[in-house]
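In this text the structure is predicted, and so the values were computed from the model without any measurement. Along the sequence shown, residues are numbered consecutively beginning with 1.
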Amino acid sequence: MDLNTSMVAQLHTPSVWAWDPRQSSNYKSTTGTQPEGIVVAPVSDWTVPYVVASLENDRVYVYPATADGITGDGVHAMGWTGDTSNALPDIACNEAGTCLVIWASHSTTQNEDYFRWRRVLPTLEVTGTVQTVTAPTGEQTYSGAVASDGEGFLVTWLEGDAISRTLKGNHVNAAGIPSSPTLALDNGTLGSVDVTWTFDRYQVVWERDGDIYAAEVSGSDVTTYTVASKAAIESQPHIAYDPLSRRSLVIYSYKDTKQHLYCRILENGKAREPVRISGFGDNLDPVQISVSADPSNGGWVVAWKESGWYYIYQVGIGMNGERRGRSGGAFLNYNRQPTLIDLAC
């Protein structure tokens, strides 16, 4: 009988995040107007490390960016005469630097609702035709999120009315073409949705009836489970996957008589107990929240902005869901109160 023992140890320095006032900038939008929403994603094989999608005057533009900010004018990706926005855009990129930008919109000229996506190649080359899913007559499109497995993508969106909506998904290849039948992940009173890639499958999170649910999507196989189901209203889920711990973190708003920001670790198809990140007192207005994995040291960084306040806050979250240090913040002058934030590492 042979008895072999081996051990591999890894030491990751816990990250404590702080704002660097030297790395900040202002950049005038391509349309010269205040963006209605922004999203940012890391990208490979570009001349810059980040790509930003911005919603401006019911048009979607894509910008190059570094840690110092936007580095050049945006390129028009989607949105034409008669289009109005149903949701913020989203963007994700594969390992070859091909990005997919998505958007839900309504056409006043056709009286139809669409969910659309389009490719963006290195660097900042909007290419190919717009792929369009048209909602059934009498229904609208809502929300939307996209993630990449390193080669292809999973796009998700909502279709329905004010009472009942269906959460749908499509696998899309690097050429921008659907590579699977449309998936129906859930149905009911559904709210916002988010998605991430988790080593060997996608994880989708969404709001239903004031609770948070998740699905693991591998090809056409879908497994759903509950993330958070309390008497309070739980909404605005955002998810990010940490490849070092092989766990995902979901952050969300929790409202009873007061509002809080909570997070939960997702692992092996189960959600851990919640951890409170911050509280907002009696302010029940929607907050802006975002989460990104820490690619160097494991864990995550979370950023948020409370409605009516002039600060953006951030804190590190460890691989076991613990807070890393105290939260810090950056003050914004009174003439620059952003309506939306996003975060990428």
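In this structure, a donor-acceptor pair under 3.5 Å is absent between the side chains of Gln203 and Thr198. Glu306 and Asn283 form a side-chain donor-acceptor contact under 3.5 Å, judged by distance and modelled atom types alone.
Ring geometry for Tyr63 versus Tyr61: interplanar angle of 30 to 60°, hence tilted.
Checking side-chain atoms of Asn320 against main-chain N and O of Glu322 turns up no donor-acceptor pair under 3.5 Å. Panel note: side chain Arg323, backbone Ile277; a donor-acceptor pair is recorded below 3.5 Å. Using modelled atom types, one side-chain atom of Tyr202 and one backbone atom of Asp149 make a donor-acceptor pair closer than 3.5 Å. Using a distance-only test at 3.5 Å, with no hydrogens or angles considered, a donor-acceptor pair links the side chain of Ser85 to the main chain of Ala87. A donor-acceptor pair under 3.5 Å is formed between the side chain of Thr108 and the backbone N or O of Gly82. Here the side chain of Arg201 pairs no donor or acceptor atom with the backbone of Glu216 at under 3.5 angstrom. Thr189 contributes a side-chain N or O that, together with a main-chain N or O of Ile163, makes up a donor-acceptor pair within less than 3.5 Å. Using a distance-only test at 3.5 Å, with no hydrogens or angles considered, a donor-acceptor pair links the side chain of Glu36 to the main chain of Asp58. Formation of a donor-acceptor pair under 3.5 Å by the Arg59 side chain with backbone atoms of Gly79 is found in this model. Remark: the backbone N or O of Thr132 is not paired with any side-chain donor or acceptor of Trp117 at under 3.5 angstrom.
Between Ile265 and Met319 there is no side-chain heavy-atom pair separated by less than 4.5 Å. In this structure the side chain of Tyr252 never reaches within 4.5 angstrom of the side chain of Val205, judged on heavy atoms. Using a 4.5 Å heavy-atom cutoff, the side chains of Arg246 and Tyr241 are in contact. In this structure, the side chains of Cys99 and Val43 come closer than 4.5 Å at one or more pairs of heavy atoms. For the pair Trp304 and Phe280, the minimum side-chain heavy-atom distance is below 4.5 Å. For the pair Asn94 and Phe153, the minimum side-chain heavy-atom distance is below 4.5 Å. Within the 4.5 Å cutoff, the side chain of Asp282 has heavy atoms near those of the Lys258 side chain. Two residues are said to be in side-chain contact when any heavy atoms from C-beta on lie closer than 4.5 Å; Asn268 and Lys270 fail this criterion.
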- Task: Step by step, work out the side-chain hydrogen bond (donor to acceptor under 3.5 Å, both in side chains) result for Trp197 and Ser148.
- Result: CA-CA 6 Å; Trp197 172 251; Ser148 174; over 6 Å; no
- Checking side-chain contact (heavy atoms from CB on, under 4.5 Å) for the pair Val51/Val120: CA distance, chi angles, key distance, verdict? CA-CA 10 Å; Val51 57; Val120 186; 5.5 Å; no
- Task: Could you go through the side-chain contact (heavy atoms from CB on, under 4.5 Å) check for Val217 and Val195 one step at a time?
- Result: CA-CA 10 Å; Val217 180; Val195 59; over 6 Å; no
- I would like to know whether Ser218 and Asp200 meet side-chain contact (heavy atoms from CB on, under 4.5 Å); could you show each step before the answer? CA-CA 8 Å; Ser218 178; Asp200 62 352; over 6 Å; no
- Check against side-chain hydrogen bond (donor to acceptor under 3.5 Å, both in side chains), Ser290 and Asp342: CA-CA 6 Å; Ser290 186; Asp342 199 23; 2.9 Å; yes
- Task: Verify side-chain contact (heavy atoms from CB on, under 4.5 Å) between Val133 and Glu159, making sure each step is shown before the conclusion.
- Result: CA-CA 10 Å; Val133 176; Glu159 284 182 8; 3.7 Å; yes
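Among all heavy-atom pairs drawn from Val227 and Ala214, the shortest one is CG2-CB, 3.5 Å. In this structure, Arg324 and Gly298 approach most closely via the heavy-atom pair NH1-O, 2.8 Å. Across Asp211 and Ala228, no two heavy atoms sit closer than the pair CB-O, 3.2 Å. When all heavy atoms are compared, the tightest approach of Ala77 to Val126 is CA-CG1, 4.1 Å. Residue Val146 comes nearest to Leu100 through the heavy atom pair CG1-O, 3.9 Å, listed as atom of the first residue, atom of the second, then distance. Between Leu183 and Ser220 the shortest heavy-atom distance is CD2-CA, 4.1 Å.
The hydrophobic clustering, which links ILVMFWY residues whose side-chain heavy atoms are closer than 4.5 Å, places Leu154 and Ile177 apart. Tyr225 and Val204 are assigned to two separate hydrophobic clusters, defined by single-linkage of ILVMFWY side chains at heavy-atom distances under 4.5 Å. Transitive grouping of hydrophobic side chains (ILVMFWY, heavy atoms separated by less than 4.5 Å) brings Val287 and Trp300 into a common cluster. A single hydrophobic cluster is not seen to contain both Ile251 and Leu284; linkage of ILVMFWY side chains at heavy-atom distances under 4.5 Å, directly or through other members, places them apart. Hydrophobic clustering (side-chain heavy atoms under 4.5 Å, transitive across Ile, Leu, Val, Met, Phe, Trp, Tyr) keeps Leu185 apart from Val250.
Going from atom CG of Leu167 over to atom OG1 of Thr156 covers 6.0 Å, rounded to the nearest 0.5 Å. To the nearest 0.5 Å, atom CG of residue Asn170 and atom OG of residue Ser179 are 7.5 Å apart. To the nearest 0.5 Å, the span separating OG1 on Thr98 from CG on Leu121 amounts to 5.0 Å. Rounding to the nearest 0.5 Å gives a distance of 13.0 Å between CD1 of Ile239 and CZ of Arg264. Atom CD1 in Ile289 sits 10.5 Å away from atom SG in Cys263 (nearest 0.5 Å). Rounded to the nearest 0.5 Å, atoms CZ (Arg165) and CH2 (Trp157) are 15.5 Å apart.
Counted within 6.0 Å of CD1 on Ile233, heavy atoms from surrounding residues, nucleotides or ligands total 12 or fewer; the atom is thus considered open. The 12-atom threshold is not exceeded at CD of Glu151, counting heavy atoms of other residues, nucleotides or ligands nearer than 6.0 Å.
Arg116 pairs with exactly one of Thr134, Thr141, Asp83 by the side-chain hydrogen bond (donor to acceptor under 3.5 Å, both in side chains) rule, that one being Asp83.
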